[in-house]
Amino acid sequence: MKNINYKISALSLAFVGLIISLYSCDQDETQTVVTKFNLVMEDNFDVDGAPNPAIWSYDIGRGSNGWGNNELQFYTDRPENVIVQNGYLIITAKQEAFSGASYTSARLKTQNLFDQKYGRFEARIKLPLGQGLWPAFWMLGSNIDQVGWPQCGEIDIMEYLGNSPTKILGTLHGPGFSGAESIGKTYTLQNSRFDTEFHVFGVEWTEKYINWYVDDVLYNQITRKQVENEGGQWVFDNSFFMILNLAVGGNLPGSPDSNTSFPQRMLVDYVRVYQ
């Protein structure tokens, strides 16, 4: 982890819940996992303008640059697509002709600025609504430039399809379990929606397991033993960096339709990392 001047606090949190099962937790269970975390990185997006360059950089371009899943947007760093305003990071997807694409949006990352091995990673986010929208909060192994994907590992803290406003996905990718063969679970809200209210999406990651949370609900656990028993390779013992993006179209959501209005926004209230 690089030494950056973040908003660092001596704050520590205690999370209390019931003991979880070995491999997964149903969303209606209560938990008593007692863990203390020290806050080591925090961005509350309280300074208007461009995102803090000490924490965030950008992927610019289209999937033809070597990443993407047949998505339709061109990622930019323009304020029209990404800005901090009124206490929120706002990522905006627009329908417009731009460098050969029909849509623009933004993809931020902490690569080469902040990474960490193990801990709790969380963000409080309000998501957009509409067919073909695909926002995500996720992580990649910091060794991706050396070993490639999926050998670097991928932890999807939250993926969301804009035509299903009560459901998100939490997923793990690695050698032997990537793409359509990934390991994960969906979580469905019972009395709320992800496009009308903010919700906290997080993972707690150790050398033996990764837990997925929405707000205070632990809804899944994937263990090293589970991955290895299913023929996969556990590649989650290195530092990872974070990514926030709002994709348009692609293999998973499909394209926008006539009912999808633009512009669409993904609002991030904060991002926090604990040890």
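The first residue of the sequence shown is numbered 1, and numbering continues consecutively from there.
- The closest side-chain donor-acceptor pair between W134 and N69, if any, does not fall under 3.5 angstrom.
- In plain terms, the two heavy atoms of Y58 and P51 that are nearest each other are OH-CD, 3.3 Å.
- Judged purely by distance below 3.5 Å, without hydrogens or angles, the side chains of N245 and Y75 pair a donor atom with an acceptor atom.
- Under a 4.0 Å N-O distance rule, the pair E122/R124 does not qualify as a salt bridge.
- By the 4.0 Å N-to-carboxylate-O rule, R224 lies close enough to D237 to be salt-bridged with it.
- Taking all atoms of both residues into account, the shortest heavy-atom contact from Q151 to P175 is OE1-CG, 3.3 Å.
- Separation of atoms OG (S182) and CZ (F177) is listed at 9.0 Å; rounding is to 0.5 Å.
- Between R265 and I90, the shortest heavy-atom distance links the atoms CD-CG2, 3.6 Å.
- Counting only heavy atoms from C-beta outward, the side chains of L133 and P256 never approach each other to under 4.5 Å.
- The closest side-chain donor-acceptor pair between N81 and T76 falls under 3.5 angstrom.
- Considering all non-hydrogen atoms of both residues, M266 and P135 come closest at SD-CB, 3.7 Å.
- Residues Y160 and P165 meet the side-chain proximity criterion, which asks for heavy atoms closer than 4.5 Å.
- Residues K126 and R193 form no side-chain contact, since every pair of their non-hydrogen atoms from C-beta on lies 4.5 Å or further apart.
- Taking the side chain as every heavy atom from C-beta outward, F121 and F240 never approach each other to under 4.5 Å.
- By the 6.0 Å contact criterion, CZ on R78 is enclosed, its count of non-hydrogen atoms from other residues, nucleotides or ligands being greater than 12.
- In the model, E96 has a side-chain atom that pairs as donor or acceptor with a side-chain atom of T104 under 3.5 Å.
- When only modelled atom types and interatomic distance are considered, W149 and E154 share a side-chain donor-acceptor pair under 3.5 Å.
- A side-chain N or O of W56 and one of D43 form a donor-acceptor pair less than 3.5 Å apart.
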message: Walk me through whether V273 and F114 qualify under side chain to side chain contact (heavy atoms under 4.5 Å, CB included).
response: CA-CA 10 Å; V273 180; F114 176 85; 3.8 Å; yes
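- Residue-environment remark: CD (E181) stays at or below the threshold of 12 foreign heavy atoms within 6.0 Å.
- The pair K109-D59 meets the salt-bridge criterion, since a charged nitrogen lies less than 4.0 angstrom from a carboxylate oxygen.
- Of the inter-residue distances, the one linking S239 atom OG with L140 atom CG reads 13.0 Å to the nearest 0.5 angstrom.
- Ring orientation note: the planes of F201 and H199 are tilted relative to one another, at an angle of 30° to 60°.
- Taking each heavy atom of G249 and E71 in turn, the nearest pair found is O-CG, 3.9 Å.
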